[in-house]
Amino acid sequence: MDPTAPTPPPAHRPADRAGAAPLRMFCLPYAGGSARMYADWERHLPAFVQVVPVEPPGRGSRVSEPPHTRLEPLVDELLPRVLAAGDAPYALFGYSLGALVAFELARVLERRHRRPPVHLFVGAFRAPHLPRTAVPDHDLPEPQFRERLRAFNGTPEDVLADESLMELLVPILRADLAVADTYRHRPDRPLTCPITAFAGSDDAEVPVGSVARWRRHTHAGFTLKVLEGDHFFLHRQERALLAELASAVSV
C-alpha cells in the first residue's frame, strides 16, 4: 500500500541461459499499489526477461478511471494485455491482492484460451481456496479503516497524516480490498504450470502456512520461499526476491 516505497540500487544481472527465448513477466501490484513499483525490476533479471508492469485502473497512468470492486471484471479487463503477447512464453507475478488476480488470470488463460503461463509467482496471499476469516476491511467506518491501514504496516505515517493524499488513496484501497473480500473460490483442476509462492516470516496478515497451501493449485512443481519480514517484505527483501525469480526462470 506504499506507492512511495524505495527501489534498491542497481545490481549485476544474473547470468542468462544460452539461447533462451524471450520471456514476458507480467507483474501485478498489491492493493493500492501502482505498476511503477516494478519499473526497475528488469535491470535485475536475466536479459531474456521482459518485465511488463500491469496497471489496474484507478492509479498511476490510469488514475482517472474508476477502480474495480470485483475480481471477474478486473480479470476480464486485464486479459487482453496478456493475450496480446501472442504465442510468446510468459510468466505472471502478483503480490498480495495481485497474487489473487494473477491466479485467476492464469486459470482463464489456461482453461479458456489454452495459453497457460510458464510459471506463476505469488507473494503475501493465502492459497485462494482458503476462506477469509477476518472481518471484511473494505466497508469499515473511516476511523477503523485507517487503523487497519496502519496495522498492515504498508502505508507510511506521513501519508496517513496527509488528508489530501488519503482522499485520493482511500477510495482505491477500499475498491481493491473489496475485490479480495468478495472473492469466492470456484474449485477447478490445478494449473499445469509451476507455482512459486513467497511468504514473509513475520507476516501477521498471511501466515506462512496459508501460503504453503498454494501447493494444491498446480500439477507441476511447487516451491515455497520464506523471506524475512512482515506483509510488505517485498520492499525490504526486494533484492532477495528478485534473485529467486531470476533463478526460477533460468532453469
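Treat the numbers as computed from the prediction; the structure is a model and nothing was measured.
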>> Return the CG to NE2 distance between Leu191 and His217, rounded to the nearest 0.5 Å.
In response: 8.5 Å
> Would you say Tyr183 and Leu78 are hydrophobically clustered, going by side-chain heavy atoms of ILVMFWY under 4.5 Å?
Replying inline: yes
> In a check of ring pair (Phe, Tyr, Trp, His ring centres under 6.0 Å) between Tyr95 and each of Phe125, Phe233, Phe198, which one passes?
Replying inline: Phe233
>> Between Phe103 and Phe121, is there shared hydrophobic-cluster membership here, with clusters defined by ILVMFWY side-chain heavy atoms closer than 4.5 Å?
In response: no
> Between Thr218 and Cys193, is there a donor-acceptor pair closer than 3.5 Å when you use the side chain of the first and the backbone of the second?
Replying inline: yes
>> Taking the basic N atoms (NZ, or NE/NH1/NH2) and the acidic carboxylate oxygens, is any pair closer than 4.0 Å for Lys225 and Glu244?
In response: yes
> Should we say atom CZ of Arg216 is surrounded by more than 12 heavy atoms from elsewhere, each under 6.0 Å from it?
Replying inline: no
> Counting only N and O atoms by type, is there a donor-acceptor contact under 3.5 Å from the side chain of Tyr30 to the main-chain atoms of Gly94?
Replying inline: no
> Under 4.0 Å between a Lys/Arg side-chain N and an Asp/Glu carboxylate O for Asp176 and Arg59?
Replying inline: yes
>> Is there a continuous path of hydrophobic side-chain contacts, each under 4.5 Å between heavy atoms, that joins Leu92 to Leu97?
In response: yes
>> According to a hydrophobic-cluster definition based on side-chain heavy atoms being under 4.5 Å apart (Ile, Leu, Val, Met, Phe, Trp, Tyr only), do Leu227 and Val208 belong together?
In response: no
> For Gln50, which residues count as a side chain to side chain contact (heavy atoms under 4.5 Å, CB included) partner, sequence neighbours excluded?
Replying inline: Arg24, Glu42, Val52
List the atom pairs, donor and acceptor, that lie under 3.5 Å between side-chain atoms in residues 168-175 and the rest of the protein, sequence neighbours left out.
| residue | atom | partner | partner atom | Å |
| --- | --- | --- | --- | --- |
| Arg174 | NH1 | His138 | O | 2.7 |
| Arg174 | NH1 | Leu140 | O | 2.9 |
| Arg174 | NH2 | Leu140 | O | 2.8 |
| Arg174 | NH2 | Glu142 | OE1 | 2.9 |

>> Are Val122 and Leu224 linked, directly or through intermediate hydrophobic residues, by side-chain heavy-atom contacts shorter than 4.5 Å (ILVMFWY only)?
In response: yes
> Using 4.0 Å as the upper bound for N to carboxylate O, is an ion pair formed by Glu77 and Arg62?
Replying inline: yes
> Do the side chains of Val249 and Leu45 get nearer than 4.5 Å, heavy atoms only?
Replying inline: no
> Less than 4.5 Å apart, any side-chain heavy atom of Arg70 and any of Val179?
Replying inline: no
> Between the side chain of Ser210 and the main-chain N/O of Pro207, is any donor-acceptor distance below 3.5 Å?
Replying inline: yes
>> Are the side chains of Pro56 and His68 in contact, using a 4.5 Å heavy-atom criterion?
In response: no
> Is a side-chain N or O of Ser250 found less than 3.5 angstrom from the main chain of Ala246, in a donor-acceptor match?
Replying inline: yes
>> Around atom CD of Gln144, are there more than 12 heavy atoms from other residues, nucleotides or ligands closer than 6.0 Å?
In response: yes
>> Holding to side chain to side chain contact (heavy atoms under 4.5 Å, CB included), I want the full list of residues that pass it with Arg213, two or more places apart in sequence or in another chain.
In response: Ala127, His129, Leu130
> Is there a side-chain contact (heavy atoms from CB on, under 4.5 Å) between Leu105 and Val108 once you walk through the steps?
Replying inline: CA-CA 5 Å; Leu105 264 174; Val108 170; 5.8 Å; no
>> Test of understanding: with ring pair (Phe, Tyr, Trp, His ring centres under 6.0 Å), list the residues that count as partners of Phe93, not counting sequence neighbours.
In response: Tyr38, Trp41
>> With a sphere of 6.0 Å drawn around CD of Glu72, does it hold more than 12 non-hydrogen atoms of other residues, nucleotides or ligands?
In response: no
> Looking at side-chain heavy atoms only, is the closest gap between Thr196 and Leu245 below 4.5 Å?
Replying inline: no
> Of all residues at least two apart in sequence or in a different chain, which pass the side chain to side chain contact (heavy atoms under 4.5 Å, CB included) check with Ala39?
Replying inline: none
>> Test your reading of the model: is there a side-chain donor-acceptor pair from Arg115 to the backbone of Ala88, 3.5 Å cut-off?
In response: yes
>> Under the rule for salt bridge (charged side-chain N to carboxylate O under 4.0 Å, His left out), what residues qualify as partners of Glu205, not counting sequence neighbours?
In response: Arg148
